[in-house]
Amino acid sequence: MARSTPTYTPVRNYAIGFFLSACLLFTDISYGTFAQLRGFFHSSALYAQIISDGMFENIGNAFSSFQKNKFLLQENKELRDQILRIRTQDFIERKDNQEKIQIIDFYKTLIGKLKNDDIDIFKIASIDLRNYLCCSTHKIFLHNPNHVQAGENTPVFAGNSFIGQIKNTYMSFIEVILFSDITHVLPVRSDLFYCDARGLGKPMLISCHLDKNNDTFNNQIGDIVYTSGLGGIFLKDIEIGFISDINRISINEIEVVITLKTNPLEETFYGIMSKKTDEI
Amino acid sequence: MKFSHHLIVLSTIILGFWIDDSLNPLTLKIFLELNFGFLIFSYWVFAMPEKLHSSAALFYGLVIDLFFSNVIGFNMLFFIATSYIIHLYVFRFRIFSYFQLSVFFSGASIFYIACKYLLLSPYNYSYVVLIISFLINAALWIGVYFTMRAFRRSIFSNL
């Protein structure tokens, strides 16, 4: 039986290695023979460490910079949102103020024209644009959130002139029939004639049929037309438009086309004299 | 064994010595000197004696001396001596219990530490350090043994 297990390398190699190592150790401890070599390896290791530290630091910096950028982007987004919100709020406030100014101006105009300060102002809710631009029915609807009592046929004012009459009221809306509606008749006058002008079913146009010779009216285009007040509804002498065309219908009959002063498409606010005042 | 396998083994030994270098300044305050590098080298020789011969031990020792030691030859000397003893008694070690293996390899590592102090830093030689290090390294051997065995089986499954 063997005293010990067999080895894979002969003892000679270990002995050589042992003595070689011992010699190296002795010379290095006693004379510092390999100091340069050790120094070279230590400095190499230090360089490697410095480089790796630098790399890690750069990666760390990049990561923190990315985090910082992310934070800045988030902050930027929040600030942009806030600016947008402030801008929108400012826009709404400006529009609100403009609207208030418009209402005040309109109110002043109404007082100046109608000589009355008991006036209700309404905002437009809708206009039947499809019919207004093509057909005979010309109507608008006004908001009446406070359910102001507005009598039927009460004149409606917009811009600098009358534009129509109240036809009906529905809950919080007021239906207004415009002068240009073919069913509407408005007593008007100019310097030469009085007539009942009927709507033409075209935007801003009404017309009168007069039993007069065309030659008499040749030079009257551009003449101002006023309300005559004869219907008992509209105040007298309010400018409503001007003569824009004269058409001959027969030898003794002509059609005077009047273009209205106020374009309903450009108006936002409409004024109505209160029922009480209107009755007086 | 391929050169790449030698590099893997050497890398683990270098890692062990790097851990020692990093932790020993802290553990010496409690009179403990860790010796992971030596234990890992011992494990490799113990696990693959037919693959790691005297030349490998000499080469590993030289590399460790160059990077981690203050003198050339110290680790070469101890690695080749340890390698020889392990080769000599490897089959006997195979029938040892974990406790016996721990005592042997921890004892070898303490001998390594003691010689290091005697040769390179005799003024700091301390029996307290040696005794505490012996106990702790004996416990650490178990961890090194199982960790390195799992690593060896995953890396060198074909060997």
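Below, read A as the first sequence line, B as the second, and so on, with proteins coming before strands; counting in each chain starts at 1. All values derive from a computational prediction rather than experimental measurement.
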Chain B shares the most heavy-atom pairs under 4.5 Å, among A:Thr33, A:Ile29, A:Asp28, with A:Asp28

Please identify, among [options], the residue contributing the most non-hydrogen atom pairs under 4.5 Å to chain A.
options	result
B:Asn75, B:Ile72, B:Val71, B:Ile80	B:Ile72
B:Phe68, B:Phe74, B:Phe78	B:Phe74
B:Leu77, B:Leu58, B:Leu62, B:Asp65	B:Leu77

By residue number, those in residues 95-123 of chain B with heavy atoms under 4.5 Å from heavy atoms of chain A are B:Leu119, B:Leu120

Is atom [atom1] of [X] surrounded by more than 12 heavy atoms (other residues, nucleotides or ligands) closer than 6.0 Å?
X	atom1	result
A:Phe19	CZ	no
B:Tyr125	OH	yes
A:Phe18	CZ	no

Note: A:Ser21 and B:Met76 closest approach over all heavy atoms is OG-CB, 3.3 Å

- Segment of B:Ser55 engaging chain A (4.5 angstrom heavy-atom cut-off):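 Neither; nothing under 4.5 Å.
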
Is there a donor-acceptor contact under 3.5 Å from the side chain of A:Asn13 to the main chain of B:Ser54?
no

* Decide whether B:His53 and A:Tyr14 meet the rule of one side-chain donor and one side-chain acceptor closer than 3.5 Å. =>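 No, no side-chain donor-acceptor contact under 3.5 Å.
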
